[in-house]
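Each remark here refers to the structure printed beneath this line.
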There are 2 protein chains.
Amino acid sequence: MKPTIYDVAEKAGVSIATVSKVINNTGKISDKTKRKVLKVMEEIKYQPSVVASALTGKKTNTIGFLIPDIANPFHAEMARSVEDRGHELGFSVVMCNTDSNPEKEAQYLEWLQRKSVDGIILGSGTQNDASLKELIEQKIPAALIATDIPSLSVNAVLIDDFLGGYQAITHLISLGHKNIAFIAGSLNNVMERERLRGYKQALEEAGIEFNRHNLLVNNFSFDDAKRSMKMLTESGERPTAVFAFNDLLAIGAIHGAKEAGLKIPDDLSVVGFDNTILAAINDPPLTTIAQPIQDMGRKVTDLLIEQIKDDHTVKQRVVLLPELIVRQTTSPPKI
Amino acid sequence: MKPTIYDVAEKAGVSIATVSKVINNTGKISDKTKRKVLKVMEEIKYQPSVVASALTGKKTNTIGFLIPDIANPFHAEMARSVEDRGHELGFSVVMCNTDSNPEKEAQYLEWLQRKSVDGIILGSGTQNDASLKELIEQKIPAALIATDIPSLSVNAVLIDDFLGGYQAITHLISLGHKNIAFIAGSLNNVMERERLRGYKQALEEAGIEFNRHNLLVNNFSFDDAKRSMKMLTESGERPTAVFAFNDLLAIGAIHGAKEAGLKIPDDLSVVGFDNTILAAINDPPLTTIAQPIQDMGRKVTDLLIEQIKDDHTVKQRVVLLPELIVRQTTSPPKI
DNA sequence: CTGAAAGCGCTAACAG
DNA sequence: CTGTTAGCGCTTTCAG
């Protein structure tokens with residue numbers, strides 16, 4: 001059996017209360033007995049049980065992290081930075097892949113509560129506003145990353161998606177493009193709608209009319225993007241540039257364009273979003289709008305853990321600014 | 001406050017023992033009282049505390065998952081399949097990024113034990129054999145994925161790395177290549193050494209002598225691979241083909257080669273390993289040795305959970321076979 | 001400074 | 001069938 005607090009108390013000739021105090025550095029214990037207890041703990045390799053201490057009302061030092069899919073590089077990089085920061089601060093993180101499915105989401109949330117996690121981070125793709133609301137009502141610390149729910153008072157770290165879209169399109173326009181497509185995902189969340197708004201705004205400022213045919217909605221999949229792009233090249237006045245919802249879709253579009261015989265960037269300029277590893281290793285390297293993933297993960301973890309330690313901290317919404325990374329998939333149109 | 005078992009007992013007019021029995025479906029309870037209790041649980045939104053039940057010796061339904069870096073697509077895809085299967089079977093998974101650092105590894109292991117996880121999966125890159133040994137001695141269920149420690153009796157799921165290396169090189173030789181480089185990582189684990197052995201064996205069978213200069217050891221980084229490749233192209237008799245330890249390194253090599261003015265695959269054939277998303281989206285699509293990542297993740301999770309449920313199950317080492325996926329980065333040498 | 005004792009929410013005999 | 005009760009390992013008053 002694993003040694004318990006009783007074992008060390010007995011072996012050290014003190015009471016369990018004393019042992020508890022030296023473990024937690026509370027109360028006043030003489031140096032002498034403190035040393036003795038510490039020594040015994042070493043000897044019998046005693047490890048306090050988090051389960052038992054949690055039952056008395058202390059923290060579990062565990063947080064939940066919900067994202068649609070950890071196999072998606074954007075989410076994986078986010079997970080890495082959240083876990084890193086959590087680890088630094090003494091917290092474990094439970095990974096939950098929701099597939100953006102509200103039912104799965106609700107189930108994870110229930111499990112996490114039953115396991116008494118100290119708090120929960122909801123990543124982009126959170127669908128189930130209702131369950132988040134419940135979380136907040138039950139005073140479970142929660143924070144959002146890369147997404148926002150304007151109607152709720154909750155810590156959130158996100159980027160200015162409007163600006164991201166605006167930057168991408170402004171860049172393309174400055175290169176001389178006028179016919180620019182937008183390859184979106186489902187278009188059913190604020191994030192995407194904001195980027196679309198940025199897209200439209202940039203067009204408008206340049207006096208270019210929005211063309212409904214240039215707005216492609218697909219299913220967040222590589223193959224969809226490829227197919228969409230191919231179709232687009234066959235349309236009458238094909239765009240000379242495309243802005244994709246993320247790097248994966250951008251690369252899908254590039255593949256589709258290449259299959260149709262187009263050269264990148266000469267025949268088609270492409271801008272991605274996120275600046276994941278995919279953008280860096282693409283050939284040619286992908287021009288993209290960078291989200292500061294590391295900072296976002298770190299910041300949201302800090303906010304959540306602050307809230308866990310003191311529930312009266314004032315909530316905040318931290319908006320980081322995206323940055324245009326010009327690489328080699330954009331150039332003036334050659335037409 | 002969250003409702004407890006006492007709250008439902010009181011409201012339903014029964015004892016907590018009865019409530020406990022309906023929760024766990026143990027003992028014999030009349031349909032009538034069962035329904036009544038269930039109804040009350042619904043009404044007050046009662047959720048049994050995993051912490052409390054764990055304290056009485058029951059499972060926490062949580063497992064730990066150690067890998068070097070979830071931001072690495074290979075690990076991320078593995079994590080996804082482990083978490084998926086865990087979720088199906090009712091287990092949460094705690095993600096731990098070790099950076100292959102033995103101290104971090106040991107610390108995670110300690111935390112996980114203090115949190116009473118039911119079992120632990122160790123991914124490739126596990127460095128600290130000693131702490132794994134301790135785990136086993138303490139009868140904590142553990143299982144290995146994509147790695148093996150021959151001296152320990154522990155469930156493991158891995159691929160035949162020797163065969164993988166052999167397949168890659170045989171493919172290249174069959175295309176007519178004779179001068180083939182191997183871009184390795186650190187070369188300090190069985191996995192890599194096995195692949196190297198496969199490489200050598202294939203060469204030997206073809207009557208090609210092993211050339212020490214064709215073995216490049218780097219640091220698992222994209223840039224290292226790129227640099228290595230560039231150097232290689234400047235050497236006297238540059239290889240006409242290269243086999244890399246994983247897809248990322250293979251793509252790094254491709255970038256290096258392209259910078260040196262080589263065309264892929266005409267001037268240089270490249271074979272990767274893992275068949276991650278990187279291989280599929282590379283341009284040209286990367287020929288690679290596929291690991292059945294989904295199956296591995298699922299299988300190792302099954303083995304671990306079986307062991308959790310019954311510690312007397314016989315341990316096994318499941319060796320899956322890698323598969324050569326020929327795409328477009330390999331062709332006969334044009335020299 | 002140190003220890004006795006109550007209690008956290010739940011499970012598992014054991015009685016009835 | 002249902003309830004009483006003794007823990008699980010730890011924290012926290014409250015006395016001494």
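What you see is a predicted model; the values in this text were computed from it and never measured. Only heavy atoms go into these numbers, but all of them, side chains included; no hydrogens, no water, no symmetry mates. In what follows, chains are A, B, ... by sequence order, proteins preceding strands, each numbered from 1.
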Greater than 12 external heavy atoms within 6.0 Å of A:Lys133's NZ: no
Nucleotide of D:dT11, D:dC1, C:dT11 approaching B:Lys28 most closely (side-chain heavy atoms): D:dC1
Sugar-phosphate, base or nothing in reach of A:Thr33, heavy atoms under 4.0 Å: sugar-phosphate
Check: B:Gln107/A:His87 side-chain N/O donor and acceptor closer than 3.5 Å: yes
hbond_proxy A:Lys21 side chain to C:dG3 base (donor-acceptor, 3.5 Å cutoff): yes
5' precedence on DNA chain D between B:Asp31 and A:Ala17 (nearest-nucleotide basis): B:Asp31
Value in whole Å for how far the C1' atom of D:dT11 lies from OH of A:Tyr6: 11 Å
Touch class at under 4.0 angstrom, heavy-atom based, for B:Val51 against every strand present: nothing
Under-4.0 Å side-chain N/O to phosphate OP1/OP2 contact, B:Tyr46 with C:dC10: yes
Interatomic distance, A:Ile16 CD1 vs C:dC1 C1' [rounded to whole Å]: 17 Å
Distance, rounded to the nearest Å, where B:Ile5 contributes CD1 and C:dA12 contributes P: 11 Å
Polar contact flag, side-chain donor to acceptor under 3.5 angstrom, B:Ser15-B:Thr18: yes
Interatomic distance where NZ belongs to B:Lys59 and C1' belongs to C:dC10 [whole Å]: 16 Å
C:dC10 phosphate, OP1 or OP2, under 4.0 Å from B:Ser49 side-chain N/O: no
B:Lys2 NZ to C:dC8 C1', straight-line distance once rounded to whole Å: 13 Å
Full working for side-chain contact (heavy atoms from CB on, under 4.5 Å) between A:Met78 and A:Ile145: CA-CA 9 Å; A:Met78 218 149 77; A:Ile145 179 168; 3.5 Å; yes
Atom-pair distance (NZ on B:Lys34; P on D:dG3), nearest Å: 15 Å
Under-4.0 Å side-chain N/O to phosphate OP1/OP2 contact, B:Ser20 with C:dC10: no
Touch class at under 4.0 angstrom, heavy-atom based, for B:Ile23 against every strand present: nothing
Protein-nucleotide distance (A:Asn61, atom CG; D:dC10, atom C1'), rounded to Å: 15 Å
Nucleotide nearest A:Thr56 (side chain, heavy atoms from C-beta), chosen from C:dA5, C:dG7, D:dC8: C:dG7
Touch class at under 4.0 angstrom, heavy-atom based, for A:Ser30 against every strand present: sugar-phosphate
5′-ward residue of the pair B:Ile29/A:Pro3 relative to DNA chain D: B:Ile29
B:Asp274 side, atom CG; B:Ile159 side, atom CD1 - distance, nearest 0.5 Å: 7.5 Å
Nucleotide nearest A:Lys58 when distance is taken to its side chain, options C:dC10, C:dG3, D:dT11: D:dT11
Sugar-phosphate only, base, or nothing, as touched by A:Val19 at under 4.0 Å among non-hydrogen atoms: nothing
Non-hydrogen side-chain atoms of B:Glu88 and B:Arg298 separated by less than 4.5 Å: yes
Length of the CD-P vector between B:Gln47 and C:dC10, whole Å: 11 Å
